[in-house]
Amino acid sequence: MHLLYVAMSGTVGNPRERHFIMAGVAVYETAVFHVIQELDALIRDELGPEAVEDIELHGNEMLGGRKSWRSVPRDKRERLFDKALAVLTGASARSLRAFGIIIEKAALEEEDPVEFAYEQLCSRFDQFLRRNYLRRNERQRGLLIVDKSRYEDTLQALARDWRVGGTRWGNLRNLAEVPLFVDSKATRLVQLADLLSYALWRRYEKGEVERLMSIIDAFDQEGGVVHGLYHHKLPDR
């Protein structure tokens, strides 16, 4: 089974923000433990062993120096952010795939950016699982584990509707169950997805390109086609 950990950045109702981001990190089930160990080791190296239990990797708070990150020097915060994000292309890279959906809110006239992004993400994850099956003749199911948010009821309802009527691109044949929602403090993989979503948000909202480009090869791709990164934008952008 592949687990897709999902997080979001940006606020749909904030007129000062142009973009809404939904990002996911797909992990093969046997690699979950190893990725957690990698992230914990980075925290231990930068902040000491006592921080492993207490600290949450959260992109906005880390780069902004907020909450539990207020007392951590900026250089340490930024270095740990970049090292944790680099796990996507590090020792566990073969068991990881990144997905990112970037929505320019003005490009959607009547659709909800959250619903649109979620449909894109689920469809692309489902196709990733289908390609794995065609390549290896080994069917792997998928399960989404999503950071708790005010969108929980909306996403659960969409998942139930798609089981009956499918998405606009057809049925999702490889997802084992409706999404599960968890507190991001409880799981390092959701935290990694949060770092990814915030790196995407900073790239498209603030024009900070370098951080995203450092992990661009982590996005799901095959045969020179990048399937895991989708940017819905106005025609003139």
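Because the structure is predicted, anything quoted here is derived from the model rather than measured.
Following chains of ILVMFWY side-chain contacts shorter than 4.5 Å, one cannot reach Leu144 starting from Leu88, and the two form parts of different hydrophobic clusters. One hydrophobic cluster, built from ILVMFWY side chains closer than 4.5 Å, holds both Val52 and Leu39. Hydrophobic cluster membership is shared by Leu189 and Val182, with clusters built from Ile, Leu, Val, Met, Phe, Trp and Tyr side chains linked at under 4.5 angstrom. When hydrophobic clusters are built by joining Ile, Leu, Val, Met, Phe, Trp and Tyr residues whose side-chain heavy atoms come closer than 4.5 Å, directly or via intermediates, Leu158 is grouped together with Tyr151. Note: the hydrophobic cluster containing Met8 also contains Leu108 (ILVMFWY, side chain heavy atoms under 4.5 Å, direct or indirect links).
For Ser92, the side-chain contact (heavy atoms from CB on, under 4.5 Å) partners are His34, Val35, Glu38, Leu96, not counting sequence neighbours.
Of the residues listed (Arg77, Lys76, Lys83), the one engaging Glu46 in a salt bridge (Lys or Arg N to Asp or Glu O under 4.0 Å) is Lys83, and it is the only one.
At distances below 3.5 Å, at least one donor-acceptor pair connects side-chain atoms of Gln140 with backbone N or O atoms of Met1. In this structure, the side chain of Lys105 does not engage the main chain of Asp112 through any donor-acceptor pair within 3.5 Å. In this structure a side-chain-to-backbone donor-acceptor pair under 3.5 Å is present from Asp126 to Asn174. The closest donor-acceptor contact from the side chain of Glu115 to the backbone of Thr154 lies at 3.5 Å or more, if one exists at all. One N or O on the side chain of Gln156 and one on the backbone of Pro179 form a donor-acceptor pair closer than 3.5 Å. Within the 3.5 Å criterion, the main-chain N or O of Gly13 finds no donor-acceptor partner in the side chain of Thr11. The backbone N or O of Phe219 lies less than 3.5 Å from a partner atom in the side chain of Gln221, making a donor-acceptor pair. At distances below 3.5 Å, not a single donor-acceptor pair connects side-chain atoms of Lys185 with backbone N or O atoms of Glu56. Put simply, the side chain of Thr89 gets close to the backbone of Ala86: a donor and an acceptor are under 3.5 Å apart.
The shortest non-hydrogen separation linking Ala193 to Ala7 is C-CB, 3.7 Å. The minimum heavy-atom distance between Ala117 and Phe20, with the atom names listed, is CB-CE2, 4.1 Å. Here the shortest heavy-atom pairing between Gly59 and Leu195 reads N-CD2, 3.6 Å. Among all heavy-atom pairs drawn from Asp82 and Arg211, the shortest one is OD1-NE, 2.6 Å. Summarising the geometry of Leu192 relative to Leu85, their closest heavy-atom pair is CD1-CA, 4.4 Å, with the distance given to 0.1 Å.
In this structure, His227 has its ring center no closer than 6.0 Å to that of Phe99. With ring centers used as reference points, Tyr204 lies under 6.0 Å from His231.
Counting heavy atoms from C-beta on, the side chains of Val6 and Leu155 never come closer than 4.5 Å. Between Trp69 and Leu80, some side-chain heavy-atom pair lies under the 4.5 Å cut-off. Between Leu63 and Phe81 there is a side-chain heavy-atom pair separated by less than 4.5 Å. By the 4.5 Å heavy-atom criterion applied to side chains, Leu143 and Leu180 are counted as neighbours. Residues Val72 and Leu47 form a side-chain contact, since some pair of their non-hydrogen atoms from C-beta on lies under 4.5 Å apart. Contact annotation: the side chain of Asp194 never approaches that of Leu57 to less than 4.5 Å [non-hydrogen atoms, C-beta and beyond]. No side-chain heavy atom of Ile21 sits less than 4.5 Å from a side-chain heavy atom of Ile103. Using a 4.5 Å cut-off on side-chain heavy atoms (C-beta onward), Met22 and Ser197 make no contact.
Atoms CG and CD1, on Leu229 and Ile216 in that order, are 5.5 Å from each other to the nearest 0.5 Å. Residue Ile36 holds its CD1 atom at 9.5 Å from CD of Gln191, rounded to the nearest 0.5 Å. Distance check: Leu196 CG to Trp201 CH2 gives 15.0 Å after rounding to the nearest 0.5 Å. Atom OG of Ser123 is separated from atom CG of Leu175 by 9.0 Å, given to the nearest 0.5 angstrom. Atom CD1 of Ile101 and atom CG of Leu200 lie 9.5 Å apart (nearest 0.5 Å). One finds the CD1 atom of Ile55 at 3.5 Å from the OG atom of Ser68 (value rounded to the nearest 0.5 Å).
One side chain, Gln120 or Arg124, offers a donor N or O that lies under 3.5 Å from an acceptor on the other. No hydrogens or angles considered: a donor-acceptor pair under 3.5 Å links the side chains of Asn60 and Arg66.
At least one cation-pi condition fails for Arg97 and Tyr28: the charged atom is not both under 6.0 angstrom from the six-membered ring centre and inside a 45 degree cone around its axis.
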Practice item. Decide yes or no on side-chain contact (heavy atoms from CB on, under 4.5 Å) for Tyr5 and Val32, but give the supporting numbers first. Key: CA-CA 11 Å; Tyr5 294 86; Val32 171; 4.0 Å; yes

Practice item. Kindly determine whether Ile215 and Asp217 satisfy side-chain contact (heavy atoms from CB on, under 4.5 Å), including the steps that lead there. Key: CA-CA 6 Å; Ile215 49 96; Asp217 290 340; over 6 Å; no

Exercise for review: Check the pair Phe128, Asn132 against side-chain contact (heavy atoms from CB on, under 4.5 Å), reporting the backbone distance first and the verdict last.
Suggested key: CA-CA 6 Å; Phe128 160 73; Asn132 271 355; 3.5 Å; yes

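The existence of a salt bridge linking Glu205 and Arg18 is excluded, since no basic side-chain nitrogen approaches an acidic carboxylate oxygen closer than 4.0 Å. Under the 4.0 Å criterion applied to side-chain N and carboxylate O atoms, Asp220 and Arg131 are assigned as salt-bridge partners. Remark: Glu61 does not engage Arg70 in a salt bridge, criterion side-chain N to carboxylate O under 4.0 Å. Salt bridge status for Lys233 with Glu104: absent, with no side-chain N to carboxylate O gap under 4.0 Å.
No more than 12 heavy atoms of other residues, nucleotides or ligands lie within 6.0 Å of CD in Glu210, so this atom counts as exposed by the packing criterion. Arg74 CZ: 12 or fewer foreign heavy atoms inside a 6.0 Å radius.
Taking the six-membered ring where tryptophan is involved, the planes of His232 and Tyr230 are tilted, since the angle between them lies from 30° to 60°.
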